[in-house]
Each structure stands twice: as structure tokens, then as C-alpha cells.
Q: 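Dropping a structure here in C-alpha cells format, bear with me for questions.
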Amino acid sequence: MHTLPSQEWQLKKKALVSNADDSSGSTPGERNVIDFEASGVIGTGATRVDQRIAASRGELTRTPILFENCQSIEYAGVLTMLPALLAQGLMDYKPHYEKIEDVYYDMDTTILFLSFMYLCRIHNPEQLRHISPGEFGKLLGLDRIPEAKCLRTRMKQICQQNKSEQWGMAQAHQWVEAEETTIFYIDGHAKVYCGDQANLGKKHISRLKLCLPAIMEFWVNNYQGMPYFVVTGQVNEKLGEMFSLQIIPLLLKQIALPISEQALMDDPDLPRFTLTFDREGYSPKAFKDYWEEYRVAVLTYNKNVKDKWPESEFEEYVIIKEDGKEVKMKLAEREIEMEGMKIREVRKKGEDLHQTSILTTNRKLSITLIAIYMFARWCQENFFKYLRQEYDIDRLMYYHVKQINEGVMVVNPVHSKLTQLLKKTRGKISREQSKLYILNEENVSSELETAPHYLEKQATLMNELEKFKEEEQKLIEQRKQQTYKIEVKDMPEDKRYTTLDMEGKLFQNIIKMICYRAETTVSLLLNSEIYAKQEEIRSLVKSIIKTKGDLQPDYQQKTLTVKLYTQSTPRNNHALEKLCELLTDTETLFPGTDLRLIYKLATN
């Protein structure tokens with residue numbers, strides 16, 4: 001590899017740093033030369049030799065943040081997300097984690113870099129090999145970003161503290177308190193596991209229409225799809241089980257807005273909060289338990305609805321959505337009784353005369369709000385789709401296998417296997433009975449001469465049918481000897497369930513939730529009058545993140561000016577200009593410095 005003598009390289013490095021005082025700033029070509037020459041000393045882009053040597057000796061007290069005057073930096077637009085990231089609590093991890101000392105990339109730098117990485121759609125550390133390390137490092141005030149191995153090492157050091165749940169719950173409480181949320185949306189998301197190290201329970205993956213080994217995550221969002229927190233099942237827990245085991249206790253103890261016992265006594269219909277979910281969590285008995293034990297209301301779709309309400313019961317309501325548009329709905333309401341508890345049933349009649357039935361135990365919501373909140377559940381489905389596509393939410397940081405608590409109750413695999421065989425046998429019986437019915441009908445309507453032929457076929461089918469019924473009874477008796485659920489310790493050693501260490505996944509989920517919230521916040525700041533569709537605003541935000549720009553630090557005035565290059569259309573430039581004004585008014589300081597961020601268009 002070609003290298004310059006150390007003295008000559010140091011002179012080139014000083015020449016680049018001196019450009020920070022030059023109004024023109026360094027060009028990409030100039031920075032590329034210096035980054036290349038540094039590869040012969042420490043590594044590509046590693047121009048801050050003294051600080052790196054000090055870090056290797058354990059003498060560096062903090063990561064030096066020093067911005068340089070640069071032209072045409074890739075991904076400079078990601079700095080527009082910084083005010084929103086900080087407002088959403090990106091740096092609120094500090095009360096929960098211990099500092100990682102004597103390293104060049106400390107926790108502030110690592111967490112900020114991860115958020116920038118996810119916003120730029122760099123899904124994993126290995127993809128950093130396709131990114132210029134020196135150029136991306138300039139966005140953080142560093143000489144270069146960490147390489148993949150260094151980043152994974154730092155993330156493992158952070159996750160070894162096992163504080164992700166503590167940080168996540170504290171952050172969720174802050175969001176709920178700020179947004180005054182009392183309606184929570186819960187839905188499950190399966191992360192398919194394709195490895196062979198862990199023995200996971202199988203789940204039905206609706207988007208693939210297959211049963212595969214998977215980890216089940218249960219997300220809690222608000223009615224706009226903004227995430228609060230996520231919990232993970234150990235084996236194959238269903239949504240109803242997770243309500244009682246984790247979700248409701250966490251909401252009551254750590255997250256939900258507090259309601260005094262006196263207020264609950266004064267108003268018998270007042271719930272602590274309301275859970276909204278799909279038919280997977282349907283259970284009238286559980287609805288009653290949630291209300292009587294926790295004073296928690298539910299809002300969900302009804303199941304097995306066969307009757308039709310008369311047309312005269314429906315009234316037309318005009319509902320104004322958040323974007324100001326009016327929507328007309330035909331709604332009707334009745335009070336029904338299930339499991340000895342009175343429940344409100346609301347039905348919406350569609351244009352095709354289909355009636356959608358909604359159940360709720362919340363007696364405070366109006367009929368229109370019930371419909372609005374229930375149909376807003378699709379925001380959570382859109383949230384899952386967006387995070388899978390844009391943030392690679394299913395990716396794991398590492399695949400460490402953990403043993404499950406031996407006392408955990410799981411579905412008996414033998415019982416499940418017998419149930420599967422029984423289902424197949426009953427299917428065979430049903431098909432044979434259908435064939436026998438058809439033969440009987442044909443025999444009755446046929447000529448007398450053909451009767452012996454049909455009787456022979458019927459006898460054959462009767463024998464087959466008798467065999468299948470004997471097999472069915474045998475399987476039933478075998479299944480009776482197996483309990484439906486057993487403890488993990490009672491499973492065979494080679495089939496015993498294990499799980500994956502989800503600490504790293506949870507840590508990434510929290511940062512990705514903050515990134516999603518920050519991206520949503522910036523999209524709301526853009527002019528909604530210009531962009532009619534949410535997809536257009538999201539596309540513009542992604543375009544802004546990838547925009548090139550100039551960095552101009554002024555250490556005398558204590559400012560860092562970000563000059564963004566233009567977008568593809570005049571209306572996008574107009575929206576970006578307005579956004580820059582709003583972001584500058586926040587007077588955000590770059591973390592670890594006293595530099596106030598100023599945003600401008602480069603053409604101004």
C-alpha cells in the first residue's frame with residue numbers, strides 16, 4: 001500500500017484542518033486524499049492520531065467532538081432529524097446506563113451514530129463497508145465512524161448492562177405522559193427464525209401463510225401508530241395471555257397515567273385505560289376479568305356475528321378526521337350481556353350492507369369515538385409494514401441462545417401432534433362420508449341393474465370409513481392421556497424449548513422507535529397543504545435525509561451551520577426552506593458541544 005512519510009502526512013492533515021477557518025471549506029476530493037493517506041498510519045479516515053493513541057492507552061476522558069468546514073457532505077440532511085431525536089429522548093438513556101470510559105467511541109457517540117445509521121437506512125454494521133467512513137464521521141464531529149467489528153463490540157458492552165427494559169419503560173412513560181394517552185393499541189409481530197441454534201416454538205406467520213419457528217413481539221402504540229414499548233413472549237404465548245402476564249401489569253405499574261382510587265369510586269364507569277386489539281385477543285370472560293380486577297376497558301371486533309340489525313336502527317354521523325376531511329358513517333348501538341357483564345356493541349354499516357360489529361366495555365366513549373378508535377387500528381399495521389421495509393425491524397444484533405425458566409408452561413408438543421393427526425383423520429372421514437352420500441344418491445336414481453355395482457362400492461367405502469373412525473377413537477384416547485400444557489422441564493431433552501437473548505434486539509428497538517417518532521415529527525412539520533398524501537411527505541423526509549450539504553462551524557459564535565442542497569422540485573425546496581426555519585428556531589445544541597444548529601438552503 002502506498003503511504004506518505006509520517007511527517008508529510010501530518011502536514012497534509014494540518015492543511016485540511018486549517019480549512020475549517022476558510023469560508024470555502026474542504027472539498028470531497030481533498031478529504032478523500034487525506035483519508036486515503038491516513039490508511040497507511042492507523043486506518044482509512046483516522047486522522048486524529050493523538051486522541052486515538054490516548055484512547056488505546058486508557059488516557060482519553062471523553063470523545064473529542066470537532067467539526068470541520070466541509071463542502072458536499074453525504075447524508076448531511078440527517079442532521080435535520082437531530083432536534084426531533086433529542087426531543088424524543090435519544091439522550092435520556094444516561095440515568096439508566098453506566099458510562100463506558102477510556103474509549104474513543106463513547107456511549108453518546110455510539111447511540112447518536114446508530115440513530116443516524118438507521119435513519120439513513122443502513123440496517124446493520126456490515127453495510128458500513130459501503131459507506132465512506134471519513135465522510136459520515138464528519139456528521140458526528142469525528143474523523144471517521146467505527147468499523148463494523150468495533151461497533152458490534154461497543155453495542156455488546158452496552159447490552160451487557162441489561163438496562164434496555166429499564167430505559168424503554170422510562171421512555172414509554174414519558175411519551176404517554178406527554179401525549180396524555182388513555183387508548184392503547186396492542187398487536188403481535190412475529191420475527192421468523194431461520195437458524196438452528198435455538199429450538200423455538202412455531203407460530204403462524206400470516207404474511208407468509210406458514211407455521212414457522214419465530215419470536216413473538218407484542219407492540220403497544222397509540223392511535224396514530226406511534227410506538228410506546230414492546231414485550232417479547234418466551235415460547236408461544238398468545239395475545240390474551242400476554243395481557244395478563246406482562247402488558248397490563250407494565251401499564252399499571254410503570255407507564256399509564258395514574259388515576260386515583262377516589263376518582264374510580266366516584267365514577268363507576270371510569271376506566272384506568274382502554275386496550276384496543278384485533279380478534280386474536282377476543283374473550284368475553286377475559287374482558288370481564290380485566291374490568292373487575294384491573295378496571296381496564298377493552299375495544300375490539302366481535303366474533304361469529306351472523307345476525308343483521310334492521311336498517312331503521314342506523315343513523316348517519318359526520319366524523320371529522322385529523323386532516324380536516326369529513327367522513328360519513330352509518331352507526332348503531334345496543335347493550336348486550338356476555339359472561340354476566342353488560343357490554344356495548346356498536347355496528348357500522350358499509351356501502352355493501354356489511355355490518356362490522358365492535359365490542360367495548362368503555363362506557364365513556366361516544367359512539368363516534370368508538371368507531372374512530374377501532375378503525376384507527378390499521379395505523380399499527382402500517383407501522384409494522386413501514387418498520388419492516390425501512391428499518392429492518394426483524395434483524396437481530398446477535399444470536400445468543402438462552403435457557404427458558406423450567407417452570408414455564410408450554411403447549412405439550414405430543415398433544416399438538418396428536419391434535420394434528422386427529423384433524424387429518426377427521427378430514428378423511430368427512431371426505432369418505434361425502435363420497436358415500438354421492439353413491440347413495442346415484443344408486444337411488446340409477447337403473448335396477450346397476451344396483452349391485454353401487455352396493456359393492458358402498459361396502460368398500462363403509463369399510464374404509466370404519467377404519468378411519470377406529471383410528472379417530474384411538475387418537476382421541478391417546479390424546480386424553482396427554483395434558484394440553486406441560487412445564488418446560490417435562491419436555492424431552494432434545495426437544496426442549498430455548499429462546500434467544502433479546503437484550504440487543506430490545507436496545508435496537510428503542511433507538512428505532514425514537515428514529516420513527518423523530519421522522520414522524522419532522523413529517524408533521526412539513527406543509528400538509530402542499531402534500532395531500534402521507535406517502536408523499538414520508539418520501540420527502542427520506543429524500544431530505546439523503547441530501548448532501550455543507551458544514552460550517554463557527555467556534556467564536558458557537559454555531560454549526562448546515563447548508564442543505566436543493567431538492568428535485570420547487571415545492572420540495574419551499575417545504576425544505578420552511579422546515580429549516582422551524583428547526584433553527586428550536587436552538588438545538590449538538591450533543592457534547594455548545595454549538596447551536598442553524599439550518600439553511602445552500603442557495604440562500
Q: Which heavy atom of Val488 sits nearest to which heavy atom of Tyr497, and what is that distance?
A: CG1-O, 4.2 Å

Q: Could you point out which residue of Glu313, Glu311, His354 forms a side chain to side chain donor-acceptor pair (under 3.5 Å) with Lys349?
A: Glu311

Q: With side chain to side chain donor-acceptor pair (under 3.5 Å) as the test, would you mind laying out the steps for Tyr228 and Glu179 before giving the verdict?
A: CA-CA 11 Å; Tyr228 288 127; Glu179 297 163 8; 2.5 Å; yes

Q: Looking at Arg496 and Glu493, is there a salt bridge between them, counting it only when a charged N and a carboxylate O are closer than 4.0 Å?
A: yes

Q: Could you please spell out the steps behind the ring pair (Phe, Tyr, Trp, His ring centres under 6.0 Å) verdict for Tyr301 and Tyr282?
A: CA-CA 8 Å; Tyr301 293 112; Tyr282 178 87; over 10 Å; no

Q: For Asn362 and Ala297, indicate whether the former's side chain and the latter's backbone hold a donor-acceptor pair under 3.5 Å.
A: no

Q: Answer yes or no: does atom CD of Gln508 have more than 12 heavy-atom neighbours from other residues, nucleotides or ligands under 6.0 Å?
A: yes

Q: Does the pair Arg388/Glu381 count as a salt bridge with the N-to-O cut at 4.0 Å?
A: no

Q: Using 30° and 60° as the class boundaries, would you call the ring planes of Trp167 and Tyr93 parallel, tilted or perpendicular?
A: perpendicular

Q: Starting at CD of Glu333, measure out to CD1 of Ile336 and round the result to the nearest 0.5 Å.
A: 10.5 Å

Q: Do the charged groups of Glu335 and Arg363 touch, with an N to O distance under 4.0 Å?
A: yes

Q: What I want to check is whether the side chains of Gln166 and His96 have a donor and an acceptor closer together than 3.5 Å.
A: yes

Q: Strictly below 4.0 Å, N to O, side chains only: are Asp307 and Arg347 in salt-bridge contact?
A: yes

Q: With the threshold set at 4.0 Å, does a side-chain nitrogen-carboxylate oxygen contact exist between Lys163 and Glu503?
A: no

Q: If you look at every heavy atom in Gln161 and Glu98, which pair is closest and at what distance?
A: OE1-N, 2.8 Å

Q: Does Arg272 count as lying over the ring of Tyr294, i.e. NZ or CZ under 6.0 Å from the six-ring centre, within 45 degrees of the axis?
A: no

Q: Please round to the nearest 0.5 Å and tell me the distance separating atom CD1 of Ile358 and atom CZ of Phe375.
A: 4.0 Å

Q: Between Asn221 and Phe184, is the side-chain contact (heavy atoms from CB on, under 4.5 Å) condition met? List the steps.
A: CA-CA 6 Å; Asn221 300 53; Phe184 296 97; over 6 Å; no

Q: Could you grab the distance from atom CZ of Phe383 to atom CE of Met513, nearest 0.5 Å is fine?
A: 7.5 Å

Q: Return the CE to NE2 distance between Met502 and His400, rounded to the nearest 0.5 Å.
A: 13.0 Å

Q: Do the charged groups of Asp289 and Lys285 touch, with an N to O distance under 4.0 Å?
A: yes

Q: Taking 4.0 angstrom as the limit, do Glu126 and Arg395 come out as a salt bridge?
A: no

Q: Kindly indicate whether the side chain of Met169, heavy atoms from C-beta on, has any atom under 4.5 Å from the side chain of His173.
A: no

Q: More than 12 non-hydrogen atoms from neighbouring residues, nucleotides or ligands closer than 6.0 Å to CD on Glu337, yes or no?
A: yes

Q: Determine yes or no for a side-chain-to-main-chain donor-acceptor pair under 3.5 angstrom, with Tyr193 supplying the side chain and Gln197 the backbone.
A: yes

Q: Would you check if Val231 and Ile247 make a side-chain contact, meaning some heavy-atom pair closer than 4.5 Å?
A: yes

Q: With a 3.5 Å distance limit and no angle check, can you tell me whether Gln380 reaches the backbone of Tyr185 through a side-chain donor-acceptor pair?
A: yes

Q: Report yes or no: does Arg426 contribute a side-chain atom to a donor-acceptor pair with the main-chain N or O of Glu472 at less than 3.5 Å?
A: no

Q: Can you tell me if Glu339 uses its side chain to pair, donor with acceptor, with the backbone of Ser283 under 3.5 Å?
A: no

Q: Roughly how far, to the nearest 0.5 Å, is the OG1 atom of Thr276 from the OH atom of Tyr373?
A: 9.0 Å

Q: Under a plain distance cut-off of 3.5 Å, with no hydrogens placed, do Glu519 and Tyr118 share a side-chain donor-acceptor pair?
A: no

Q: Would you check if the side chain of Arg121 reaches a backbone N or O of Leu119 as a donor-acceptor pair within less than 3.5 Å?
A: yes

Q: What's the shortest heavy-atom distance between Met374 and Phe277, and which atoms?
A: CE-O, 3.7 Å

Q: Any chance NZ of Lys424 has more than 12 other-residue heavy atoms, nucleotides or ligands included, within less than 6.0 Å?
A: no

Q: If you look at every heavy atom in Ala198 and Leu500, which pair is closest and at what distance?
A: CB-CD2, 3.8 Å

Q: Indicate yes or no: at least one non-hydrogen side-chain atom of Gln88 is less than 4.5 angstrom from one of Trp175.
A: yes

Q: Indicate yes or no for a side-chain donor-acceptor contact from Glu237 to the backbone of Gln234 under 3.5 Å, with no hydrogens or angles considered.
A: yes

Q: Take Arg479 and Gln482 through the test side chain to side chain donor-acceptor pair (under 3.5 Å) and record every step on the way to the result.
A: CA-CA 5 Å; Arg479 195 175 65 167; Gln482 301 290 334; over 6 Å; no

Q: With a 4.0 Å cut-off on N to O distance, would you call Lys469 and Glu471 a salt bridge?
A: no

Q: Relative to each other, are the rings of Trp219 and Phe384 parallel, tilted or perpendicular (30° and 60° limits)?
A: perpendicular

Q: Indicate yes or no for a side-chain donor-acceptor contact from Arg334 to the backbone of Arg344 under 3.5 Å, with no hydrogens or angles considered.
A: no

Q: Which heavy-atom pair separates Leu270 from Ala263 by the least distance, and what is that distance?
A: CD2-O, 4.0 Å

Q: State plainly whether the residues Lys512 and Asp392 are in salt-bridge range, i.e. N to O under 4.0 Å.
A: no

Q: Spell out, as yes or no, whether a donor-acceptor pair under 3.5 Å connects the side chain of Lys203 to the backbone of Ala214.
A: yes

Q: Donor-acceptor pair, distance only, cut-off 3.5 Å: does the side chain of Asn124 make one with the backbone of Gln127?
A: yes

Q: Could you walk me through whether Glu535 and Lys385 pass the salt bridge (charged side-chain N to carboxylate O under 4.0 Å, His left out) test, one step at a time?
A: CA-CA 13 Å; Glu535 293 81 3; Lys385 180 180 178 181; over 6 Å; no

Q: Mind running side chain to side chain donor-acceptor pair (under 3.5 Å) on Ser357 and Glu345 for me, showing each step along the way?
A: CA-CA 7 Å; Ser357 177; Glu345 181 180 4; 2.7 Å; yes

Q: Report yes or no: do Thr521 and Tyr516 form a side-chain donor-acceptor pair below 3.5 Å?
A: no

Q: Does the side chain of Ile393 come within less than 4.5 Å of Asn509's, by heavy atoms?
A: yes

Q: In terms of ring plane angle, is the pair Trp309 and Phe314 parallel, tilted or perpendicular, where the classes change at 30° and 60°?
A: tilted

Q: Locate the shortest heavy-atom distance separating Leu418 from Leu475; write the atom from each residue and the value.
A: CD2-CD2, 4.0 Å

Q: Once rounded to the nearest 0.5 Å, what's the spacing between atom CG of Asp269 and atom CG of Leu264?
A: 11.5 Å

